[in-house]
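What follows is a single structure, written as structure tokens, with notes after it.
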Amino acid sequence: MMPFFSVENLTKKFGGLIANNNISMDVEQGEIRGVIGPNGAGKTTFFNLVSGFYRPTSGKVSFKGNTISGLPTNKIARLGAVRTFQRAALFSDFTVLENVSIAQHLKTNSSLLNAIFGHDNHREVDSLERAEEIIEFLGIERDRDTMAANLSHGLQRQLGVAMALATEPELLMLDEPVAGMNSGEKAIMVGMIQKIRDKWGVTVLLVEHDMRTVMNLCEKITVLDFGQKLAEGSPDDIRSNPEVVEAYLGADDSVT
């Protein structure tokens with residue numbers, strides 16, 4: 001049976017530097033998978049490769065049986081694999097509701113101007129209703145009329161996830177979703193990700209620096225070190241793996 005999401009012998013070279021070397025992994029549908037590693041392990045390069053921002057030097061990325069490596073990011077998103085960023089790309093002068101409504105047009109051929117100014121009134125009503133459903137589902141409806149620029153850091157990150165969800169992804173790729181958050185904001189984000197998977201069936205692939213979040217959230221974890229896959233398994237497997245422990249010695253993070 002073809003894996004839902006697959007990375008096969010993925011390699012990326014920048015001149016003489018091998019940033020990722022022969023990485024392979026399979027992600028099952030409905031899984032929450034974490035990708036971790038110490039600083040300089042190649043996580044960012046890997047995420048840029050699987051989400052279409054870099055072209056691999058060799059190897060391939062497949063989604064639902066189709067090769068997506070080399071495709072532009074907008075085509076990958078329209079296939080149902082959507083990425084968020086550490087710095088959420090928000091429309092600062094629009095409300096939470098308007099941001100989520102606008103994001104839905106990324107899945108269609110509608111122009112950004114149509115999305116913002118609502119030239120298609122029937123479609124605009126549908127978009128607003130869908131946006132209301134999403135923000136209520138994610139628990140941010142109290143801020144529906146707040147300008148994005150006035151949101152706290154944690155709420156801006158939550159809005160970024162809501163906007164990604166508005167594009168109806170089957171695979172949601174999260175780039176350090178709890179970066180810069182306090183413990184309360186992290187707990188809210190973890191709950192949000194779990195709800196997205198449990199209630200809407202979205203598969204989640206995340207790169208994260210916060211080990212506690214990864215260990216509590218992910219069912220399976222892939223560890224990178226020096227651009228290569230070092231280990232893979234359940235959180236318990238990773239905690240007890242001596243190679244992983246050695247890789248993190250001297251780092252700011254703990255795998256316990």
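Quick note: numbers below take in every heavy atom, side chains included, and nothing from hydrogens, waters or symmetry partners.
Here the straight-line distance linking atom CE of M181 with atom CD1 of I188 works out to 8.5 Å at 0.5 Å rounding. Taking OG1 of T84 as the start and CG of L159 as the end, the distance is 11.5 Å to the nearest 0.5 Å. In this structure, K43 NZ and D175 CG are separated by 10.5 Å, a value rounded to the nearest 0.5 Å. In this structure, R130 CZ and I135 CD1 are separated by 12.5 Å, a value rounded to the nearest 0.5 Å. Distance CG/L79 to NZ/K75: 9.5 Å, rounded to 0.5 Å. The CG atom of L97 sits 9.5 Å away from atom CG of N99, with the distance rounded to the nearest 0.5 Å.
Between P38 and D225, some side-chain heavy-atom pair lies under the 4.5 Å cut-off. Under the 4.5 Å side-chain criterion, counting only non-hydrogen atoms from C-beta, R197 is in contact with E219. Residues M211 and I36 meet the side-chain proximity criterion, which asks for heavy atoms closer than 4.5 Å. Between V35 and F47 the shortest side-chain heavy-atom distance does not fall below 4.5 Å. Counting heavy atoms from C-beta outward, N150 and D143 have side chains that stay 4.5 Å or more apart. A heavy-atom distance below 4.5 Å is found between the side chains of W200 and I134. Side chains of K220 and M25 form no contact here, defined as non-hydrogen atoms less than 4.5 Å apart. The shortest side-chain heavy-atom distance between L155 and R142 falls under the 4.5 Å cut-off.
Counting heavy-atom neighbours within 6.0 Å of D145 CG, excluding the residue itself, gives a total above 12. Shown here is Q194, whose CD atom has more than 12 heavy atoms of other residues, nucleotides or ligands within 6.0 Å. For K60, the NZ atom is loosely surrounded, since the number of other residues' heavy atoms within 6.0 Å does not exceed 12.
Under 4.0 Å is where a charged nitrogen must lie from a carboxylate oxygen, and between E170 and K64 at least one such pair does. The pair K186-E208 does not count as a salt bridge, with every side-chain nitrogen at least 4.0 angstrom from each carboxylate oxygen. No salt bridge links E141 with R144; every basic N to acidic carboxylate O contact stays at or beyond 4.0 Å.
Side-chain atoms of R33 do not come within 3.5 Å of backbone N or O of L205 as any donor-acceptor pair. A distance-only check finds a donor-acceptor pair linking the side chain of N20 to the backbone of F46 [under 3.5 Å]. Checked by atom type and distance alone, the side chain of H153 pairs as donor or acceptor with a backbone atom of A179 at under 3.5 Å. Side chain of E136 to main chain of E133: no donor-acceptor pair is present (N/O by atom type, distance under 3.5 Å, no hydrogens or angles). Panel note: side chain K195, backbone F137; a donor-acceptor pair is recorded below 3.5 Å. No donor-acceptor distance shorter than 3.5 angstrom exists from the side chain of Y54 to the backbone of G70, with no hydrogens or angles considered. Checking side-chain atoms of E168 against main-chain N and O of G80 turns up no donor-acceptor pair under 3.5 Å. A donor-acceptor pair is defined here as one N or O able to donate and one able to accept, closer than 3.5 Å; such a pair exists between the side chain of R157 and the backbone of E176.
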Let me check something: any side-chain donor-acceptor pairs from residues 2-9 under 3.5 Å, sequence neighbours excluded? List them with distances.
residue	atom	partner	partner atom	Å
S6	OG	D26	OD1	3.0
N9	OD1	S24	OG	3.4

Problem set entry | L206 and T213: CA distance, side-chain angles, deciding distance, side-chain contact (heavy atoms from CB on, under 4.5 Å) verdict | CA-CA 11 Å; L206 62 92; T213 295; 5.9 Å; no
For this session: Report the C-alpha distance between Q228 and I18 in whole Å, list the side-chain angles of each, state the deciding distance to 0.1 Å, and finish with yes or no for side-chain contact (heavy atoms from CB on, under 4.5 Å).
Result: CA-CA 10 Å; Q228 302 186 73; I18 303 176; over 6 Å; no
For this session: Tell me, with the steps shown, if M192 and V161 meet side-chain contact (heavy atoms from CB on, under 4.5 Å).
Result: CA-CA 9 Å; M192 181 180 285; V161 173; 4.0 Å; yes
Exercise. Could you go step by step and tell me if N39 and H209 meet the side-chain contact (heavy atoms from CB on, under 4.5 Å) rule?
Worked result: CA-CA 9 Å; N39 292 332; H209 196 70; 3.2 Å; yes
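Taking both residues in full, the closest heavy atoms of P56 and S69 are given as CG-CB, 3.9 Å, listed atom of the first, atom of the second, then distance. The minimum heavy-atom distance between A41 and L224, with the atom names listed, is CB-O, 3.3 Å. For the residue pair V100 and A166, the shortest heavy atom distance occurs at O-CB, 3.6 Å. T95 and E98 get closest at one heavy-atom pair: N-OE1, 2.9 Å. Closest of all the heavy-atom pairs between I23 and G227 is CD1-O, 3.5 Å. In terms of heavy atoms, P169 sits closest to V82 at CB-CG2, 3.8 Å.
Under the 3.5 Å distance criterion, with hydrogens and angles disregarded, no donor-acceptor pair is assigned to the side chains of N48 and T45. Side-chain atoms of E232 and T222 include a donor-acceptor pair closer than 3.5 Å.
When each of D236, D237, N241 is checked for a side-chain hydrogen bond (donor to acceptor under 3.5 Å, both in side chains) with R239, only D236 meets the rule. Of the listed residues (N74, T73, I68), just one forms a side chain to side chain contact (heavy atoms under 4.5 Å, CB included) with L71, and that residue is I68.
Both tests hold for K12 against F14: distance to the six-membered ring centre under 6.0 Å, angle to the ring axis within 45°.
Under the 4.5 Å side-chain contact rule for hydrophobic residues, L128 and M147 do not share a cluster.
In this structure, F226 has no ring-ring contact (aromatic ring centres under 6.0 Å, His included) partners at least two apart in sequence or on a different chain.
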